[in-house]
Every structure is written in structure tokens, then in C-alpha cells.
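In this text, all values refer to a predicted model and were calculated from it rather than measured experimentally. Order of the sequence lines fixes the chain letters, A, B, ..., with proteins taken first and strands second; residue numbering starts at 1 for each chain. The analysis underlying the following values was restricted to heavy atoms, covering all of them including side chains, and did not include hydrogens, waters or symmetry mates.
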Amino acid sequence: MEENSETSFYITTPIYYVNDVPHIGHAYTTIIADAISRFKKLAGYDVFFLTGTDEHGQKVEKSAAEKGMTPIQLADKVVVRFKNLWEALDIAFDSFIRTTQPSHEQGVQKIFQKLKDKGDIYKGIYEGWYCVSDETFLSEDVSLEDGGHKICPDCRQKANVVSEECYFFKLSAYEEPLIDFYQKNPTFVRPQSRMNEVVSFVRQGLKDLSITRTTVKWGISLPDDSSHTIYVWFDALHSYLTGIGYDWDSQRLDRYWPATVHLIGKDILRHHAVFWPAFLIAAGFPLPKTIYAHGWWLKDETKMSKSRGNVLDPWTILNAFGSDPLRYFLLREIPIGLDGNFSHEGFIHRVNSDLANDLGNLVQRLLTMIHNYFGGQINTLGEETDTDINLRLEFDAIKEKVSHHFEDYAINKALEEIWVFINSVNKYLADNAPWKLAKDDSQRARLGRILYQATCALRGISYFVYPVLPESSQKMWQLLGEKKPLEEESYSELAFFNLKPDQKTQKSEPLFPRVDLKHFLQEEESMDIITFDDFKRMDLRVGEIIEAERVEGTDKLVKMQVNIGTETRQMIGGIADKYAPEELIGKKVVVIVNLKTAVIRGIESQGMLLAAEVDGKAIIPVFTEDVPAGAKVL
RNA sequence: GGCGGUGUAGCUCAGGUGGUUAGAGCAUACGGCUCAUAUCCGUAGUGUCGGGGGUUCAAGUCCCUCCACCGCCA
């Protein structure tokens with residue numbers, strides 16, 4: 001197979017397992033890929049950005065069964081959640097692959113058959129301790145517990161001895177080729193520390209890899225032996241090939257393969273840096289250029305995990321701030337290989353300081369001045385003086401640096417450079433004080449030059465931030481009066497004076513409103529995420545109102561007798577301004593029955609009706625079908 | 001246990017091949033400006049560069065040792 005052209009750029013995220021709902025970790029990987037891909041498109045590369053979902057395997061089978069669904073129903077559902085999140089985060093992927101689509105399944109079968117024919121796959125017996133939850137055999141050096149069983153070191157669950165016939169991939173035969181490849185390509189894995197780990201892992205010796213299961217039904221079956229399904233990892237990794245046309249569009253495959261970057265989390269390094277190249281060598285494909293392993297986001301210094309219940313839902317941030325601030329924070333805070341810490345304080349601090357104060361405020365002050373002094377259109381332009389030239393030269397230097405850092409996937413450094421320039425523009429304005437010149441009519445031309453120069457700089461800034469802040473970037477672009485879409489100006493065409501001096505600019509609302517930390521935390525508190533277990537502590541039941549009467553001397557309170565199936569409870573509700581007591585009788589309502597008894601106006605209330613609050617008035621929900629009193633509400 | 005890495009200002013970190021007063025951002029204090037989202041600009045700091053020992057005219061930077069933390073070892 002031929003190598004693709006120099007300008008082709010193929011970037012992937014891992015395909016995400018549909019057993020899990022999307023969380024901040026998925027968002028992080030995908031945002032990195034999106035930012036890099038957007039930059040590369042500006043820089044003129046022929047970019048292909050692939051993401052997708054991994055839908056086979058025992059865990060999916062199991063959790064679908066628990067939810068009373070078929071595996072594909074579960075997958076369909078979770079895929080929608082991923083796609084919705086990507087849309088909200090402005091992820092512009094070129095294709096979304098699902099491992100359940102026929103083109104993928106057939107492709108994997110074909111490669112499997114090819115390796116089998118070649119003798120790299122053979123049939124054998126595997127026996128070992130198997131962890132169902134992690135879908136993996138335990139390492140042999142995991143020691144036996146007192147009960148004579150082994151515990152999975154990752155998930156702490158009991159493992160079973162499994163002995164099964166399966167097919168093996170001759171990984172052991174690829175030890176030398178892999179070492180050789182690593183030596184010739186010392187930056188194959190990034191960051192460097194991960195490359196070291198991979199090399200030392202392979203040097204310890206490789207055993208053959210079991211790549212089929214007879215115990216798992218939900219998977220791609222072997223072409224000629226349907227009692228076996230292909231193990232999820234062999235299945236999933238090949239999506240990088242089937243996703244760009246392997247076995248269905250050879251032209252596209254040739255155009256983009258080998259991949260330029262596989263972006264991954266550090267937990268799946270071995271699969272990508274050892275198994276994957278071995279599979280590829282075996283099947284005769286060129287190897288990807290780079291495997292980039294990024295770190296984890298910790299929440300308030302602790303690892304996020306489902307059992308701790310501290311997994312950060314990206315929607316919490318998205319709903320409150322929108323996409324750009326989240327993208328900015330994740331990409332600015334840490335270099336790609338390191339772990340980072342996510343705290344609301346840190347997030348808000350950075351967003352306020354960098355986005356609101358530095359960039360947002362710059363946009364605002366500049367547009368306001370152009371509006372106030374020139375009615376939005378600069379109509380006179382003095383000569384460029386030294387201070388003006390310096391700003392322009394700094395722009396040229398920054399343009400080089402930003403490009404260099406993006407090419408090196410050092411997005412945080414690129415942003416750092418952009419912000420150095422933003423600070424320079426703010427300083428330029430402070431030094432030249434256009435607001436003073438504005439008071440002197442003889443200085444019109446000088447004033448025009450300063451505002452024009454600063455606006456040219458701002459145009460460049462809005463261009464630079466596009467890969468990270470696509471939404472705000474384009475908004476700024478338009479405020480500066482640009483009609484042509486930003487993406488149509490290539491990185492090499494970008495120049496300081498591309499802005500027309502008499503371009504009509506517009507004022508706008510602040511681009512990034514400052515956020516008050518205390519205020520945000522209060523709101524966060526009030527809509528704090530609870531677990532299902534928390535929710536289950538509330539005993540909600542259908543109750544039938546048997547009696548109802550106005551509480552004497554009040555406008556709103558009604559005293560009711562409510563049948564909750566097992567008994568009749570007395571409750572007080574503040575709903576009389578909407579409902580007359582007599583029209584309540586016979587109504588089926590939702591009540592919380594394990595609420596601590598309260599005494600209202602001297603009357604005991606042993607529960608509470610649920611109601612929507614609209615304009616201060618309570619509105620009771622009703623069932624569309626008949627339900628018995630006492631039925632549980634979930 | 002084996003291999004690899006980290007430890008630098010209150011916090012997060014930068015500091016190729018050893019070389020004058022060890023840096024940045026944030027936070028803090030003070031000053032300036034008023035076009036701007038109580039924003040912006042300027043000034044001021046503070047550090048036994050994890051501990052100890054060594055090589056050298058000279059070490060955060062090299063060597064030894066100890067301590068603490070982290071990653072990988074199917």
C-alpha cells in the first residue's frame with residue numbers, strides 16, 4: 001500500500017464504549033481532536049476527523065439486559081447522547097463510525113480472515129482468571145485470595161476461572177518488529193514518558209493474544225466459525241480503517257491512511273501502541289505516525305469515578321456557560337499529556353480572567369471607541385508610527401509561534417502566545433490613549449490609525465482563537481464587519497492588514513460575561529446532581545384525595561385526607577388559590593410519603609403533594625391513565 | 001521488587017549542552033487611567049531551587065546518597 005500525500009491529515013478519537021454515558025473525559029479527547037482538526041483545515045491540510053462508538057462486547061450485552069433492552073437498542077440510545085453532546089460542543093467531525101454498521105463488521109471479518117490465512121491467527125485453548133466487568137483476563141501474578149479465588153485488581157470484583165477455545169493472534173512474533181519500529185520512530189508515542197513505558201513493556205516479552213470469545217454473543221462472528229465472536233479490542237481498533245473506507249472506498253482509504261494522530265486516553269495506551277501496530281504490520285498496512293496519550297481530569301484533586309459519584313457531567317458547564325469557555329479551559333489549563341484538576345473555582349477564575357477580562361473586554365472597548373468616535377467606520381488614517389509598526393511585527397511573530405505550537409499539538413502554548421498578544425493590544429491602547437486624542441479634533445487621523453491598528457490585531461486574534469473558540473471567534477469576525485467566512489481565509493493568507501480600514505464594525509453585548517463565583521456556586525448547589533440512590537430515598541406514591549377543606553383563616557392552605565394505598569394521611573397543601581377544595585376530591589396526585597412530618601398552622605401534615613409552581617401558584621400534575629392509589633412513582 | 005519520572009515564589013508551572021542580581025501566569029499590596037464586562041496599564045516583592053555529601057574557578061543545571069510523591073510492569 002502506498003503512503004498518503006504530505007498534506008493529508010487523519011485524526012481520530014477512540015471510539016467510545018456505549019456502556020457508559022458521555023462524561024468530561026470523552027468531551028476532552030474529542031475537543032482536542034476538534035481543535036487540532038480545525039487548525040489543520042485552516043493550515044490547508046486535507047483533514048479527516050473520525051470519531052464514533054464501540055458497541056460490541058459483554059458489558060454492553062450485560063447492561064442492555066439489565067435495562068430490559070437489546071444491545072442494539074441500548075447502543076442506539078447512547079449514540080444519540082454522544083451526538084447531542086458533540087453538537088453542543090461544536091465538534092465538527094467528518095464521520096462518525098459505529099462498530100455495528102455492516103461496512104465495519106465485514107471489514108473486520110475480512111482482516112481477521114486475512115491474518116488467519118497468513119498464519120498469524122491460530123486456534124488454541126485459553127485458561128485463566130477472567131473479570132466479567134472489565135472483560136479481561138487477569139494478569140497471572142495477581143495472587144489468590146483466601147477463598148481460593150482471584151479479585152480483579154482494577155474493579156475489585158471476583159473473577160472466574162474460564163477455559164475456552166479461542167483464536168490467538170501471534171503477538172509474540174512481533175516483538176522484534178515493534179522494537180525496531182519504536183527505535184526508528186522515537187516520537188511514535190507521545191508524550192515521551194509514555195513511549196518509554198511502551199518500550200519497556202514490549203522488551204519484557206510479548207505473549208500471544210487471545211482475540212475471540214465463545215462466551216460472548218454480542219460481537220462480530222468469525223466468517224467461518226460462528227461459535228466465536230471477535231474480541232472487542234480487535235473489533236474496535238480496526239474502526240480506524242473501516243471508518244475511512246477499508247473494504248468499501250479504497251480511494252478514500254488511500255487518501256487518508258496511515259493516520260496522522262490517534263488521540264487516546266492513557267488507559268488504552270497498550271492497545272494502541274502495541275497491539276494495533278502489530279495487527280497492522282501483520283495485515284500489511286503502514287503504521288500511524290503518532291499515538292498521543294492525554295491525561296485525566298481530576299475533580300477537586302480526586303479521581304472521578306462512578307462509585308465516588310463525582311463524575312463531572314459536561315452539560316452542567318455547557319448549560320451554564322456554553323461551549324467555548326469549556327473548550328478554552330480544558331485546552332488552556334494543561335498540556336495534552338498531563339493530568340489536570342477541574343474545580344468550579346479554577347474554571348470560573350480562568351474564564352473570568354482570560355476570556356472576560358482580557359479578550360472580551362478588549363473587543364468591547366475597541367468596538368465602543370470606533371462606534372463613539374467614528375460611528376462604527378474609521379474614515380481617516382494617519383501614518384504608521386513606530387509603536388504601530390511594533391504591534392504589527394509582533395503579530396507576525398505570534399502568527400509563526402501559534403502555528404508552530406499547533407503543529408506540535410501544544411494547544412496550551414498556542415493559547416498562551418495568543419494571550420501574550422492580547423495583552424500587548426491592551427497595552428497598546430493604554431500607551432496611546434485614544435480616548436484622549438478623541439478630545440482633540442486635530443488628532444483625528446492619529447486616532448483613526450490607532451483604532452485601525454488595534455482592530456487589525458483583533459482580527460488576527462479572532463482568527464487565531466478559531467480552533468479553540470469557534471463560536472466566539474466567528475462572532476468577533478462578524479462584529480469586525482467581515483463578510484467572508486473565516487474558514488475561507490487560509491492560515492498562510494492571514495495578514496495584519498487584511499482588514500479594510502473603512503470596514504463597518506458593530507457593537508455588541510459582552511462576548512464572555514463575567515461570572516460571579518459565589519452566585520454560580522449557589523446555583524450549582526441548588527441544582528446539585530444527585531445519584532439514583534439519592535433519588536430512591538424519596539418515597540413517591542400515587543395518592544387519592546378523599547377529603548379536602550380550606551384551613552380556616554388562610555387563603556392558600558387546604559387540609560386533605562389522602563389515600564396512599566396502605567393508609568390515609570392528613571396533608572396540608574398551599575394550593576387553594578388555584579383549586580377549590582371540592583374540585584380536589586377524587587383527584588389522583590403524586591405525594592412524597594416519607595417526608596418528615598411538619599406542623600403547619602397547628603395542623604399536622606404527614607406528607608406533601610408535588611406541584612409545579614407557575615407565577616407563584618401551584619399546579620397539580622395529573623395522570624393520563626387511571627392508576628391505583630399507593631402505586632410507586634419513579 | 002524491576003524500569004521510568006517528579007520535587008523551583010502562597011498556588012500552577014518555565015528554567016537545551018553548568019556561567020553575571022533564578023523566571024512567567026494567577027493570587028497579594030500600592031500607584032495610574034477612565035474607552036471598556038469594578039475591566040485595562042504600571043510598580044513592588046518574597047524563594048535554604050526536597051535533605052545531605054561531592055566534582056568544578058563556577059551547579060537549580062553534573063555525580064553519589066537519603067526522603068517524599070507519581071506512572072508502567074498483559
Subject >> Qualifying residue for ring-ring contact (aromatic ring centres under 6.0 Å, His included) with A/Phe279, from A/Phe234, A/Tyr231, A/Phe285 >> reply: A/Phe234
**OP:** With C1' as the reference atom in both, quote the distance from B/G15 to B/A22 in angstrom, rounded to an integer.
**Re:** 8 Å
Taking only N/O atoms, report every protein-nucleotides 1-3 of chain B pair under 3.5 Å with atom names and distance.
none

Original post:
Roughly, in whole Å, what's the span from CZ in A/Phe201 to P in B/C72?
Top reply: 12 Å
**OP:** Name the closest nucleotide to the A/Lys427 side chain, picking from B/C41, B/U37, B/C72.
**Re:** B/C41
Original post:
Using 4.0 Å as the upper bound for N to carboxylate O, is an ion pair formed by A/Lys475 and A/Asp324?
Top reply: no
**OP:** Take atom CZ of A/Phe347 and atom P of B/C26, then tell me their distance rounded to the nearest Å.
**Re:** 18 Å
**OP:** Please map the stems of RNA chain B, keeping only stretches of three or more Watson-Crick or G-U wobble pairs with both distances under 3.5 angstrom.
**Re:** B:1-7 with B:67-73, B:10-13 with B:23-26, B:28-32 with B:40-44, B:50-54 with B:62-66
List, with names and distances, any nitrogen or oxygen atoms from the protein found under 3.5 Å away from nitrogen or oxygen atoms belonging to nucleotides 69-71 of chain B.
{"unit_1": "B/G71", "atom_1": "O2'", "unit_2": "A/Arg194", "atom_2": "NH1", "d": "2.9"}
{"unit_1": "B/G71", "atom_1": "O2'", "unit_2": "A/Glu197", "atom_2": "OE2", "d": "2.5"}

**OP:** Give the rounded distance in Å between these two atoms: CG of A/Asp431 and P of B/C41.
**Re:** 10 Å
**OP:** Provide, to the nearest angstrom, the distance between the CH2 atom belonging to A/Trp419 and the C1' atom belonging to B/C41.
**Re:** 19 Å
Atom pairs, N/O to N/O, protein against nucleotides 5-16 of chain B, distance under 3.5 Å?
none

**OP:** Could you please spell out the steps behind the salt bridge (charged side-chain N to carboxylate O under 4.0 Å, His left out) verdict for A/Lys413 and A/Glu416?
**Re:** CA-CA 5 Å; A/Lys413 285 191 184 167; A/Glu416 220 175 295; over 6 Å; no
**OP:** Specify the separation, in whole Å, of atom CD1 of A/Ile418 and atom C1' of B/G25.
**Re:** 16 Å
**OP:** Could you check whether A/Leu269 gets within reach of a base, just the sugar-phosphate, or nothing at all, counting any heavy atom under 4.0 Å?
**Re:** nothing
**OP:** Answer yes or no: is there a side-chain heavy-atom contact under 4.5 Å between A/Thr229 and A/Ile220?
**Re:** no
**OP:** Indicate the ring-plane relationship of A/Phe329 and A/Trp297, choosing parallel, tilted or perpendicular according to the 30° and 60° boundaries.
**Re:** tilted
Subject >> Student check: side-chain heavy atoms of A/Thr99 and A/Val108 closer than 4.5 Å >> reply: no
Subject >> Distance, rounded to the nearest Å, where A/Asn423 contributes CG and B/G25 contributes C1' >> reply: 10 Å
Subject >> Heavy-atom check, side chain of A/Asn379 versus side chain of A/Asp502, under 4.5 Å >> reply: no
**OP:** Begin with the C-alpha distance, continue with both residues' side-chain angles, and end with the deciding distance and a verdict on salt bridge (charged side-chain N to carboxylate O under 4.0 Å, His left out) for A/Glu383 and A/Arg449.
**Re:** CA-CA 7 Å; A/Glu383 287 296 302; A/Arg449 164 58 66 181; over 6 Å; no
**OP:** Could you walk me through whether A/Lys116 and A/Asp120 pass the salt bridge (charged side-chain N to carboxylate O under 4.0 Å, His left out) test, one step at a time?
**Re:** CA-CA 6 Å; A/Lys116 191 162 162 241; A/Asp120 275 320; over 6 Å; no
Shorter than 3.5 Å, N or O on both sides, protein versus nucleotides 43-45 of chain B: list them out with atom names.
none

**OP:** Take the protein atom CG of A/Leu451 and the nucleotide atom P of B/A36, then report the distance between them rounded to whole Å.
**Re:** 13 Å
Subject >> Test item: side-chain donor near acceptor, A/Thr12 and A/His262, under 3.5 Å >> reply: yes
Original post:
Starting at the 5' end of RNA chain B and moving along, which residue's nearest nucleotide shows up first, A/Lys439 or A/Ser424?
Top reply: A/Lys439
Original post:
So does A/Asp431 pair up with A/Lys427, basic N to acidic O under 4.0 Å?
Top reply: yes
Subject >> Lys/Arg-Asp/Glu bridge criterion (N-O < 4.0 Å) met for A/Asp388, A/Arg392 >> reply: no
Subject >> Single hit among A/Thr505, A/Leu499, A/Ile370 for side chain to side chain contact (heavy atoms under 4.5 Å, CB included) with A/Ile378 >> reply: A/Ile370
**OP:** Describe the nucleic acid contact of A/Asp358 in one word from base, sugar-phosphate, nothing, applying a heavy-atom distance below 4.0 Å.
**Re:** sugar-phosphate
**OP:** Provide the distance between the two P atoms, one in B/G51 and one in B/G60, to the nearest whole Å.
**Re:** 11 Å
Subject >> Side chains of A/His271 and A/Trp233, donor plus acceptor under 3.5 Å >> reply: yes
List, with names and distances, any nitrogen or oxygen atoms from the protein found under 3.5 Å away from nitrogen or oxygen atoms belonging to nucleotides 27-33 of chain B.
{"unit_1": "B/C33", "atom_1": "O2'", "unit_2": "A/Trp435", "atom_2": "NE1", "d": "3.3"}

Subject >> Pi-cation contact, A/Phe201 with A/Arg270 (under 6.0 Å, within 45°) >> reply: yes
**OP:** Between A/Asp208 and A/Glu416, just flag the one whose closest nucleotide in RNA chain B comes earlier from the 5' side.
**Re:** A/Glu416
**OP:** Only one of A/Phe112, A/Tyr174, A/Tyr122 passes ring-ring contact (aromatic ring centres under 6.0 Å, His included) with A/Phe169; say which it is.
**Re:** A/Tyr174
**OP:** Describe the nucleic acid contact of A/Leu209 in one word from base, sugar-phosphate, nothing, applying a heavy-atom distance below 4.0 Å.
**Re:** nothing
Original post:
For A/Arg365 and B/A36, what is the distance between atoms CZ and P respectively, to the nearest whole Å?
Top reply: 10 Å
Subject >> Of the listed nucleotides B/A74, B/C41, B/C35, the one nearest the side chain of A/Asn426 >> reply: B/C41
**OP:** Please work out if A/Asn357 contacts a base, only the sugar-phosphate, or nothing of the nucleic acid, heavy-atom cut-off 4.0 Å.
**Re:** sugar-phosphate
Subject >> Ring centroid separation A/His272 to A/Tyr240 under 6.0 Å >> reply: yes
Original post:
Taking the side chain from A/His294 and the backbone from A/Thr29, do they hold a donor-acceptor pair closer than 3.5 Å?
Top reply: no
Subject >> A/Ile111 to A/His238 - nearest heavy-atom pair and separation >> reply: CD1-CD2, 3.4 Å
Original post:
Can you tell me how far P in B/A24 sits from the matching atom in B/A44, rounded to whole Å?
Top reply: 10 Å
**OP:** Look at all strands and tell whether A/Gly295 reaches a base, only sugar-phosphate, or nothing, counting heavy atoms closer than 4.0 Å.
**Re:** nothing
Subject >> Pairwise P distance for B/A27 and B/A38, with rounding to whole Å >> reply: 16 Å
Original post:
Say you pick atom P in B/G45 and the same atom in B/G23; how far apart are they, in whole Å?
Top reply: 11 Å
Original post:
In terms of the angle between their ring planes, are A/Tyr126 and A/Phe168 parallel, tilted or perpendicular, with boundaries placed at 30° and 60°?
Top reply: tilted
**OP:** Please tell me which of the listed nucleotides, B/A74, B/C35, B/U37, lies nearest to the side chain of A/Phe512?
**Re:** B/U37
Original post:
Taking the six-membered ring of A/Tyr292, is the NZ or CZ of A/Arg190 close enough (under 6.0 Å from the centre) and on axis enough (within 45°)?
Top reply: no
